Amino acid sequence: MARFAERFKIESSRLTGWDYSDKGVYFITICTQYQNNFLGKIVDGKMIYKVAGEMCKAELLKTFELRKNLKLIAWVIMPNHVHVLFSVGDFPVETRCNASLPGDSNGVRVISNYRNHPGFFERLNMKSNEEVPKVIREFKGAVKRETNKQKLFFVWQDRYYDE
């Protein structure tokens with residue numbers, strides 16, 4: 001089984017060799033844990049949002065409003081998953097943080113058996129800075145934080161699907 005950054009053994013569901021910061025159109029599906037209907041229910045063919053579904057909708061719209069290099073094309077929230085179709089523009093992508101190397105000017109000391117592997121931090125940082133995974137991670141985190149504030153039980157599935 002392939003390893004990511006010489007550490008993780010879970011096979012990636014991402015397209016090998018594709019840079020998920022590249023300009024293009026992405027279709028993403030994000031599911032709730034065990035396909036629980038946390039987001040709402042369908043009544044007479046219409047989606048009726050639960051509180052978590054309303055929070056999900058608000059965070060989804062906010063996510064694409066804040067990121068000027070992304071364009072939301074279409075979206076739908078279902079009882080147990082979210083479909084999002086969006087494009088990544090050719091604008092420069094600003095990253096908020098980088099992995100720290102041992103002994104850098106910040107004095108950060110990384111305690112890991114993997115830190116001595118050549119390119120470990122570069123590969124780890126490269127993956128975390130790709131635009132699509134970063135946006136999905138931040139969106140899922142924002143929804144989870146909002147549901148936590150309301151003391152709602154809500155869990156996303158660990159991964160997401162891209163087409």
Side-chain angles (χ1 to χ4, degrees), residues 2 4-5 7-8 10-42 45-101 106 119-150 152-163:
F4 169 68
R7 183 175 179 189
F8 306 104
I10 297 172
E11 197 69 39
S12 175
S13 60
R14 307 285 77 86
L15 181 63
T16 304
W18 181 259
D19 181 349
Y20 281 86
S21 291
D22 280 352
K23 182 178 174 182
V25 177
Y26 296 88
F27 179 69
I28 304 292
T29 302
I30 308 167
C31 298
T32 59
Q33 185 72 25
Y34 305 120
Q35 288 76 43
N36 284 309
N37 293 336
F38 292 131
L39 303 174
K41 61 184 177 179
I42 304 291
K46 184 177 178 184
M47 175 67 176
I48 307 299
Y49 294 110
K50 292 182 179 177
V51 174
E54 291 289 350
M55 292 175 179
C56 182
K57 178 182 174 183
E59 288 299 330
L60 181 67
L61 297 174
K62 183 178 173 183
T63 293
F64 287 92
E65 184 180 305
L66 293 173
R67 290 164 181 81
K68 302 302 180 196
N69 62 324
L70 303 178
K71 181 181 178 190
L72 182 60
I73 299 169
W75 57 273
V76 63
I77 298 174
M78 301 301 290
N80 60 10
H81 65 281
V82 178
H83 294 294
V84 184
L85 182 67
F86 66 95
S87 63
V88 175
D90 55 356
F91 307 103
V93 177
E94 183 178 321
T95 58
R96 293 193 304 193
C97 63
N98 291 313
S100 298
L101 296 173
N106 295 327
F120 171 78
F121 292 103
E122 290 79 8
R123 287 192 308 278
L124 189 61
N125 194 40
M126 178 186 73
K127 278 297 206 192
S128 65
N129 284 334
E130 288 183 342
E131 188 66 18
V132 174
K134 183 170 66 173
V135 167
I136 301 305
R137 180 177 60 247
E138 289 175 0
F139 163 71
K140 289 170 70 173
V143 174
K144 181 62 178 162
R145 278 189 301 280
E146 289 302 312
T147 57
N148 285 349
K149 286 179 189 175
Q150 297 292 320
L152 298 173
F153 179 74
F154 178 84
V155 185
W156 288 114
Q157 183 173 292
D158 287 341
R159 294 178 166 199
Y160 62 91
Y161 304 94
D162 63 287
E163 300 288 327

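Treat the numbers as computed from the prediction; the structure is a model and nothing was measured. Heads up: numbering here begins at 1 and tracks the sequence.
The aromatic rings of F139 and W156 are tilted relative to each other, their planes meeting at an angle between 30° and 60°.
Nearest heavy atom pair, residue G40 against residue P79, reads O-CB, 3.2 Å. Between V143 and C56, the shortest heavy-atom contact is CG2-CA, 3.9 Å. Taking both residues in full, the closest heavy atoms of F38 and Q33 are given as CE1-O, 4.3 Å, listed atom of the first, atom of the second, then distance. For the residue pair G53 and I77, the shortest heavy atom distance occurs at O-CD1, 4.0 Å. A pairwise comparison of heavy atoms in S87 and I73 identifies N-CD1, 4.0 Å as the closest pair. Here the closest non-hydrogen pair linking V84 and L60 is CG2-CD1, 3.8 Å.
Here K149 pairs with E146 under the side chain to side chain donor-acceptor pair (under 3.5 Å) rule; sequence neighbours left out.
In the model, Y34 has no side-chain atom that pairs as donor or acceptor with a side-chain atom of N80 under 3.5 Å.
Going from atom CD of E130 over to atom CD1 of I136 covers 12.5 Å, rounded to the nearest 0.5 Å. Once rounded to the nearest 0.5 Å, the distance linking CH2 of W75 with CG of L85 reads 13.5 Å. Separation of atoms CZ (F153) and OG1 (T147) is listed at 9.5 Å; rounding is to 0.5 Å. The line from CE of M78 to CG of L39 is 10.5 Å long, rounded to the nearest 0.5 Å. Atom NZ in K140 sits 8.5 Å away from atom OH in Y160 (nearest 0.5 Å). Taking CD1 of I28 as the reference point, atom NE2 of H81 lies at 13.5 Å (rounded to 0.5 Å).
For the pair K68 (side chain) and E65 (backbone), a donor-acceptor distance under 3.5 Å is present.
A heavy-atom distance below 4.5 Å is found between the side chains of Q35 and Q157.
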query = Can you check side chain to side chain contact (heavy atoms under 4.5 Å, CB included) on M47 and I42, steps first, answer last?
reply = CA-CA 5 Å; M47 175 67 176; I42 304 291; 3.9 Å; yes
task = Show your working on side chain to side chain donor-acceptor pair (under 3.5 Å) between T29 and H83 and close with a plain yes or no.
result = CA-CA 5 Å; T29 302; H83 294 294; 2.9 Å; yes
query = Step by step, would you call V135 with T63 a side chain to side chain contact (heavy atoms under 4.5 Å, CB included)?
reply = CA-CA 8 Å; V135 167; T63 293; 3.8 Å; yes
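Between R67 and E138 there is a salt bridge, with a side-chain nitrogen of the basic residue lying less than 4.0 Å from a carboxylate oxygen of the acidic one.
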